[in-house]
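Remarks on the structure that follows.
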Amino acid sequence: MGVTLIVRPDAGRRRIEELVRQHEDRVLKRWLEITAAASAGRPDQGDTAARLTEIYQALRQSFAGDGDTSDLHGLLAELSRSRARQGFSPSETASAVFALKEALYEVVEDDGTPEALRGFVWFSKTVDDLGLFTFETYVTARERIIIDQAEQLLELSTPVVKLWEGIVAVPLIGTLDSARTQVVMEKLLQALVDTGSEHAVIDITGVPSVDTQVAQHLLKTVMAARLMGAECVISGIRPQIAHTIVTLGIEFGDIVTKASLSDALAHALRRSGVELAGNRRTRVTVRTEEE
Amino acid sequence: MDRVPVLKLGDILIVSIQVDLQDQGVLALQEDLADAVVATGARGVIIDITAVEIVDSFIGRMLATIASISRMLDAETIVVGMRPAVAITLVELGLSLGGVRTALNLEKGVALLNHLGGAQIATTAR
């Protein structure tokens, strides 16, 4: 009794392998028909058909050979990636793989032997695994894209701009975390070395909120710049943020803070010895123009 | 053992650290520098660490100690050419080099010393 239970599934598996080999043309044709019907109206039907044919052959070889599925998995990953690029959803790709069951079932039905039916259960499980594998490939590829984009965002969002000879500024946009602060700090310090600037303005107008951690990061940046022989001014402190900073009891010590970037620039210019024409004269000119 | 040379330029002493300093070398440098300040009557010491890529708390303390020794001998110490990575490391170590002045490069360091010297002379004259 025990022996028959072990032998039977194996016999079923062999029968399915035979059917897959013998009726290759018929099963493959049916499979392509089903997938083409499911993805009607999409471009590149021929591309998908060619890929499915390759996959079918790899599947047959993995049955015939020692069960090595690396080829098969490689082809499936390629299919998943190419279909993802064409705008297919991952479940559509998985359904296309699952359609192979439907295609083979017709052959199994015609065959009608109990071995074939039993083997079909095993086959169904194998195809399920393959379908899920395409799903996993899709998710992995998607995750890699997200990680890449996050890195690109990190690079993009932290420009160091030169305001004047010897004055650079970093307009910070978005929430500051340790990773971003590290990038900002390195970029700012490198810019100080490259441009030989002695003054830096860190503008936090675009930072939505300042907590103790963000303040700590800012202080570290300022201290590092000081160690290199440059002075930092923090600008763009909005009223709410000033309130938060005082409420939290954060001590900025002798670090110069200014309300706006223009104030910070004026301060840095004065410190670097640039003479500024008086504001009053500008105002008079404006008035004359208005009249 | 490598000894770090102390160069004299006018009334400024320049020390350029080009090698990875070991503890013994640091102590030797401190002695040499103190001797040189007394012998030349220098009013400023510039320590150039452009070539230093790795720092630890010991090097950080060395800079502070040299600054204190020089100040005792009435010479201002300026550390120049600190690399960004070094600055970040020192901040992470919690060393802010309180009594040490810094400048971006040797040129700006000399300019800063001249500025400080000018200011001192001006106050004395008044």
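Here is how names work: the chains are called A, B, and so on, in the same order as the sequence lines, proteins then strands, and each is numbered from 1.
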Atom pairs, donor to acceptor, chain A/chain B, distance under 3.5 Å:
{"residue": "A/G196", "atom": "O", "partner": "B/K108", "partner atom": "NZ", "Å": "3.2"}
{"residue": "A/K220", "atom": "NZ", "partner": "B/E92", "partner atom": "OE1", "Å": "3.3"}
{"residue": "A/R226", "atom": "O", "partner": "B/T102", "partner atom": "OG1", "Å": "2.4"}
{"residue": "A/M228", "atom": "O", "partner": "B/L104", "partner atom": "N", "Å": "3.3"}
{"residue": "A/G229", "atom": "N", "partner": "B/T102", "partner atom": "OG1", "Å": "3.1"}

Worksheet item: Looking at B/I88 and A/A224, what are the two nearest heavy atoms and their distance?
Response: N-CB, 4.4 Å

Item to complete: Please state whether the side chain, the backbone, both or neither of B/L95 comes within less than 4.5 Å of a heavy atom of chain A.
Response: backbone

Fill in: Pairs of heavy atoms under 4.5 Å with chain A: top-ranked of B/L112, B/V91, B/L104
B/L104

Response to the item:
Partner of A/L227 under side chain to side chain contact (heavy atoms under 4.5 Å, CB included), picked from B/L90, B/L63, B/V79, is B/L90

Worksheet item: Of the non-hydrogen atoms in B/A87 and A/L189, which two are nearest, and what is the gap between them?
Response: CB-CD1, 4.2 Å

Discussion item. Under the rule for ring pair (Phe, Tyr, Trp, His ring centres under 6.0 Å), what residues qualify as partners of A/Y138, not counting sequence neighbours?
Written reply: none

